[in-house]
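This report refers to the structure that appears directly beneath it.
Each chain gets a letter, A, B and so on, in the order the sequences are listed, and its residues count up from 1.
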2 protein chains.
Amino acid sequence: MPTAKIPSDPVQKALPLYRLVKRDLQQMIEAGHYGIGKALPNEATLSTAMKVSIGTLRHAVDELVHEHVLVRRQGKGTFVAPHNNARFMFQFFQVEPRPDPEEGHPIRELEYPDIACISFTRDKAQPTEARALRIRPGDQVFRIENKLSLNKQVVVHDQLTLPLAKFRNLSEHQFVNRSSTVYALYQSDFGITVLRAQERARAVAAGRSVARVLGMPVGCPVIEVHRLALTFADKPVEYRISTIDTRAHDYVSVLSKK
Amino acid sequence: MPTAKIPSDPVQKALPLYRLVKRDLQQMIEAGHYGIGKALPNEATLSTAMKVSIGTLRHAVDELVHEHVLVRRQGKGTFVAPHNNARFMFQFFQVEPRPDPEEGHPIRELEYPDIACISFTRDKAQPTEARALRIRPGDQVFRIENKLSLNKQVVVHDQLTLPLAKFRNLSEHQFVNRSSTVYALYQSDFGITVLRAQERARAVAAGRSVARVLGMPVGCPVIEVHRLALTFADKPVEYRISTIDTRAHDYVSVLSKK
DNA sequence: AAGTGGTCTAGACCACTTG
DNA sequence: AAGTGGTCTAGACCACTTT
């Protein structure tokens, strides 16, 4: 049942029932009450347990499905959204070969990038990172450098910064030998589900080390994307600077997605 | 009532009722049956007219609201989404001052850009534009150049390409003296509602003319965004190349929006 | 056959806006 | 007070998956 139909803070407007149900579900999910591969209790059970009608329960679940927190599968059940499928891969990996202007948009296989780890170290957080990650400057972080290739061509250089406190015991071996995407790793091994990411992009001239990795002359214009990945309640989990070689690829996005 | 509960193509899976209702509503909207400032018939009326329950009608409307095609206002009615508010302005205008690293994210007023028209001409479509807009190369287009300023500083150079066929009689005076955003103009004066946009960004070295407009040295890295704006059924309406000075501003985006 | 989510209905009542 | 959308209920039946 919703734990508090009457909000504790009288200034807050009363939430509708289905929002309370949603909030309670979300708290259960965050707390890890529902295993990643296993189904939630079925809707009839949940609705009686929470003392709401099944329509209200569905309303709450609908919203969580819309936010990619849950997925429904008819005939099977409702699950915590796994973070290991192509959908999420391409929701977050936004670099594509530039279409040939002569041919328009060929029906092309979406391509997974090959990811190679260049370095994996511990370090102290720089002020900028610390502010983004809401930790203190000097707190320990993992600093991981990757290069991403499409079609044997290196197109992206990534530098990830992870707060050590959230990723205790992460090892290079574990990172390099993960079975799926890094976000799937965060979820399966650390219980951290990345829900959203904010990105800020700018054009800069490639520096020496990045130019070497990307195989381009120093000073070549590249896009530098600063990404902050967020989990529930917009808590930051990862800070990432991606440098993209856009000589033959584009950084793509869709506004106002349906 | 939904015009065809039984789909004409037997290969197609049968759509649920609420999808048929949605499709019919969408067709009415596209055809302009519902004026832009006026409310649709109320939900009870629509549901009886379409011979469906009010719950089913609401399900259909819910989806259109989620896609920003309609907006509901409690106590007033349901309206075709107007394209003239801050929400849409910033949904599509994605350039922001870079936050000061010393201060983090100040609570800053979102700022409207000042837009100045540099040139307004007719021309023939280039092959690339033509393909994007799905017209023939050589078909007539409007070609419009703008510069956008934030805080008196020019930060974006835009070049718009509009198919003349869709924008008959558009005049420079009309364009320059519009009362709101260009997308609001498309909607109010030409019945064209921009629903989505695809963008492809790359880093390039600023050319002579753009560098002059942006007040930067030639060769300075800039982001070049190629945007295709789409209406219902993903029909293209506008092709736009924006060149962004990212020395002090960022091109921002949010992935997996809630 | 049993269990799950998906659709659809009919109606009651609430909250907000306008006259 | 009247009209609008917003919430909530209780139940029937359908479609898909597994046993």
Side-chain angles (χ1 to χ4, degrees), chain A residues 1-2 4-7 10 12-25 29 34-35 37-82, chain B residues 1-2 4-7 10 12-25 29 34-35 37-82:
Chain A
M1 57 285 119
K5 300 204 181 191
I6 299 159
Q12 286 287 326
K13 279 190 14 177
L15 286 177
L17 229 198
Y18 75 93
R19 292 281 190 177
L20 298 177
V21 172
K22 177 185 173 188
R23 197 201 50 186
D24 286 1
L25 284 173
I29 295 163
Y34 306 126
K38 291 178 307 234
L40 269 61
N42 70 49
E43 299 186 336
T45 305
L46 279 174
S47 69
T48 59
M50 292 188 169
K51 299 195 207 302
V52 300
S53 80
I54 196 159
T56 300
L57 179 93
R58 279 187 64 83
H59 196 165
V61 173
D62 281 345
E63 292 207 346
L64 291 170
V65 168
H66 231 97
E67 294 168 13
H68 312 300
V69 174
L70 296 176
V71 297
R72 286 206 180 95
R73 299 215 221 136
Q74 190 173 17
K76 300 186 74 173
T78 302
F79 304 80
V80 176
Chain B
M1 59 283 111
K5 299 206 182 190
I6 297 158
Q12 285 289 325
K13 282 196 0 180
L15 287 176
L17 230 197
Y18 75 92
R19 292 280 189 177
L20 299 176
V21 171
K22 177 185 172 185
R23 197 200 50 185
D24 287 2
L25 284 174
I29 295 164
Y34 306 127
K38 290 178 308 234
L40 268 63
N42 71 47
E43 300 187 336
T45 306
L46 278 174
S47 69
T48 59
M50 292 186 169
K51 298 196 206 302
V52 298
S53 81
I54 197 160
T56 301
L57 179 93
R58 278 187 63 83
H59 197 164
V61 173
D62 282 343
E63 293 206 347
L64 291 170
V65 168
H66 238 98
E67 294 167 15
H68 311 302
V69 174
L70 295 177
V71 297
R72 287 207 179 95
R73 301 218 218 133
Q74 190 174 17
K76 300 185 74 171
T78 302
F79 304 80
V80 176

Send over the distance from [X] [atom1] to [N] [atom2], rounded to a whole Å.
{"X": "Asp62(B)", "N": "dT7(D)", "atom1": "CG", "atom2": "C1'", "answer": "12 Å"}
{"X": "Leu70(B)", "N": "dT4(D)", "atom1": "CG", "atom2": "P", "answer": "16 Å"}
{"X": "Leu15(B)", "N": "dC8(C)", "atom1": "CG", "atom2": "P", "answer": "10 Å"}
{"X": "Lys22(A)", "N": "dT7(D)", "atom1": "NZ", "atom2": "C1'", "answer": "15 Å"}
{"X": "Leu57(A)", "N": "dG5(C)", "atom1": "CG", "atom2": "P", "answer": "9 Å"}
{"X": "Phe79(B)", "N": "dT4(D)", "atom1": "CZ", "atom2": "P", "answer": "11 Å"}
{"X": "Met50(A)", "N": "dT9(D)", "atom1": "CE", "atom2": "C1'", "answer": "17 Å"}
{"X": "Arg19(B)", "N": "dC8(C)", "atom1": "CZ", "atom2": "P", "answer": "10 Å"}

Arg73(B) vs Pro16(A), nearer the 5' end of DNA chain D by closest nucleotide:
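Between the two, 5'-proximity favours Arg73(B).
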For Arg58(A), salt bridge (charged side-chain N to carboxylate O under 4.0 Å, His left out) partners two or more places apart:
Glu43(A)
Give me the residues of residues 38-47 of chain A where at least one heavy atom lies under 4.0 Å from an atom of DNA chain C, by number, or none.
Asn42(A), Glu43(A)
List for me each residue that meets side-chain contact (heavy atoms from CB on, under 4.5 Å) alongside Thr45(B), sequence neighbours excluded, and say none if there are none.
Pro41(B), Asn42(B)
State the CG-CG distance between Leu46(A) and Leu25(A), to the nearest 0.5 angstrom.
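Leu46(A) atom CG to Leu25(A) atom CG measures 6.5 Å (nearest 0.5 Å).
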In this structure, NZ of Lys51(A) is separated from CG of Leu57(A) (nearest 0.5 Å) by 14.0 Å
Within the 4.0 Å heavy-atom criterion, would you say Arg58(B) contacts the bases, only the backbone, or no part of the nucleic acid?
base
For the residue pair Ile29(B) and Tyr34(B), what are the closest heavy atoms and their distance?
CG1-CD1, 3.9 Å
Does Thr56(A) put a side-chain nitrogen or oxygen below 4.0 Å from OP1 or OP2 of dT9(D)?
yes
Ignoring backbone atoms, establish whether Lys76(B) has a side-chain N or O less than 4.0 Å from OP1 or OP2 of dC16(C).
no
Enumerate donor-acceptor pairs with a distance under 3.5 Å from any side-chain N or O in residues 15-22 of chain B to protein atoms, sequence neighbours excluded.
unit_1, atom_1, unit_2, atom_2, d
Arg19(B), NH1, Glu63(B), OE1, 3.1
Lys22(B), NZ, Glu63(B), OE1, 2.9
Lys22(B), NZ, Glu67(B), OE2, 2.8

For nucleotides 11-15 of chain C, print each protein N/O atom paired with a nucleotide N/O atom at under 3.5 Å, atom names and distance only.
unit_1, atom_1, unit_2, atom_2, d
dA15(C), N3, Gln74(B), NE2, 3.1

Dot-bracket for DNA chain C: what is it, with Watson-Crick or G-U pairs under 3.5 Å, [ ] where a pair crosses earlier ones, and | for a pair to another strand?
||||||||||||||||||.
State which residues pass side-chain hydrogen bond (donor to acceptor under 3.5 Å, both in side chains) with Thr56(B); sequence neighbours excluded, sorted by chain then number.
Ser53(B)
Please test Leu70(A) against Leu40(A) for side-chain contact (heavy atoms from CB on, under 4.5 Å), starting from the C-alpha separation and ending with a verdict.
CA-CA 10 Å; Leu70(A) 296 176; Leu40(A) 269 61; 4.3 Å; yes
Closest listed nucleotide, where the reference is the side chain of Val52(A) and the choices are dC8(D), dG6(C), dT9(D):
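It is dT9(D).
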